[in-house]
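Since the structure comes first, as structure tokens, the remarks are kept for the end.
Throughout, residue positions are numbered sequentially from 1 according to the sequence presented. Only a predicted model underlies this, so the values are computations on that prediction, with no experimental measurement involved.
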Amino acid sequence: MEEEESGEAIRPEFPTGRVKKIMKLDKDIGKVNSEALFLVSCATELFLKLLAEKSAEVAAEKKRKTVKLEHIRMAVKRHRSISDFLLDSLPLPSQPSDAPAKDENRIRAVVDKVAPAGTRRIDDFFRRPTKTTSAETNES
């Protein structure tokens, strides 16, 4: 109601075309309504703002000015509802060469964890598509 009085419309920061493209990666979604697209864009913006704030708090606690992956992982671990779905998708922190090696089989198991049926990992969206041969495209 406040926006109607001031005459300014709320505009999401993320490009709606890209958000729509990500939403349509789900096979259950056919068409995307403009209101749904707006709400998902705003919800994503709020989620990332929360994640950035919590990660910055962790970095400040560690007396660091730069937020690193380890700070994001700690912030996610502290917030149970976020850690339930996001922790497995975050990449593992890089390991210094002088540190003792961890169990590599365990690390591979987390990285190679298969997404549930009908879903895709978000990092698949950002990978370049692999070129298919003509025989593969004819089979589809």
Side-chain angles (χ1 to χ4, degrees):
M1 293 189 193
E2 199 174 299
E3 72 179 54
E4 293 173 1
E5 294 173 7
S6 65
E8 293 181 29
I10 298 174
R11 301 188 79 190
E13 295 289 324
F14 296 113
T16 54
R18 182 149 315 156
V19 173
K20 186 174 185 178
K21 191 175 182 181
I22 293 171
M23 289 174 69
K24 289 188 126 200
L25 287 174
D26 187 347
K27 294 176 182 172
D28 295 335
I29 296 177
K31 294 183 179 181
V32 178
N33 186 333
S34 62
E35 288 90 8
L37 182 61
F38 174 77
L39 289 174
V40 168
S41 296
C42 290
T44 304
E45 197 173 315
L46 290 172
F47 170 74
L48 288 176
K49 183 178 179 181
L50 171 77
L51 186 60
E53 288 172 352
K54 297 296 181 185
S55 300
E57 287 174 12
V58 171
E61 288 172 10
K62 302 277 184 186
K63 296 182 171 66
R64 303 284 183 217
K65 292 183 180 180
T66 305
V67 175
K68 295 184 178 181
L69 176 60
E70 64 189 65
H71 303 136
I72 296 171
R73 288 185 68 81
M74 287 185 71
V76 168
K77 284 179 184 178
R78 290 180 184 177
H79 201 276
R80 178 157 174 104
S81 60
I82 294 175
S83 70
D84 288 344
F85 80 94
L86 187 61
L87 196 57
D88 290 338
S89 298
L90 286 174
L92 294 171
S94 60
Q95 183 174 317
S97 58
D98 59 336
K102 291 186 179 179
D103 184 14
E104 291 185 16
N105 293 334
R106 186 176 155 265
I107 293 172
R108 281 193 201 115
V110 173
V111 173
D112 295 336
K113 188 175 181 181
V114 178
T119 62
R120 293 173 54 186
R121 291 179 55 108
I122 189 71
D123 51 346
D124 291 342
F125 179 77
F126 295 104
R127 289 192 184 121
R128 293 193 185 272
T130 57
K131 294 182 180 179
T132 57
T133 61
S134 59
E136 291 176 356
T137 55
N138 289 339
E139 293 174 3
S140 301

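Interatomic distance, CD1 of I29 versus CG of D26, reported as 4.5 Å (0.5 Å rounding). A distance of 10.5 Å separates OG1 in T44 from CG in L39, rounded to the nearest 0.5 Å. Between the CG atom of L86 and the CD1 atom of I72 there is a distance of 9.0 Å, given to the nearest 0.5 Å. The CD atom of E70 sits 11.0 Å away from the OG atom of S55 when rounded to the nearest 0.5 Å.
A search for side-chain contact (heavy atoms from CB on, under 4.5 Å) contacts involving N33 returns E35, A36, not counting sequence neighbours. Shown here are the salt bridge (Lys or Arg N to Asp or Glu O under 4.0 Å) partners of R64, two or more places apart in sequence or in another chain: there are none.
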Stepwise salt bridge (Lys or Arg N to Asp or Glu O under 4.0 Å) check, R18 with E13: CA-CA 11 Å; R18 182 149 315 156; E13 295 289 324; over 6 Å; no

Carefully, step by step, assess T16 and F38 under the rule side-chain contact (heavy atoms from CB on, under 4.5 Å). CA-CA 8 Å; T16 54; F38 174 77; over 6 Å; no

Could you walk me through whether E57 and K54 pass side-chain contact (heavy atoms from CB on, under 4.5 Å), step by step? CA-CA 5 Å; E57 287 174 12; K54 297 296 181 185; 3.9 Å; yes

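Cluster annotation: L50 and F85 are assigned to the same hydrophobic cluster (Ile/Leu/Val/Met/Phe/Trp/Tyr, side-chain heavy-atom contacts under 4.5 Å, transitive). Connection of L51 to L69 is not established within any shared hydrophobic cluster, with ILVMFWY side chains joined at heavy-atom distances below 4.5 Å, either directly or through further cluster members. A single hydrophobic cluster is seen to contain both M23 and L48, as judged by linkage of ILVMFWY side chains at heavy-atom distances under 4.5 Å, directly or through other members.
Residues V58 make up the rest of the hydrophobic cluster containing M74, defined by ILVMFWY side-chain heavy atoms closer than 4.5 Å, directly or through other members.
Although no hydrogens or angles enter the test, the distance criterion places no donor-acceptor pair under 3.5 Å between the side chain of H79 and the main chain of V76. A donor-acceptor pair under 3.5 Å is absent between the side-chain atoms of K20 and the main chain of L37, judged by distance alone.
The two atoms that bring P12 and S41 nearest to each other are CB-CB, 3.6 Å, heavy atoms only. In terms of heavy atoms, K77 sits closest to S83 at CA-CB, 4.1 Å.
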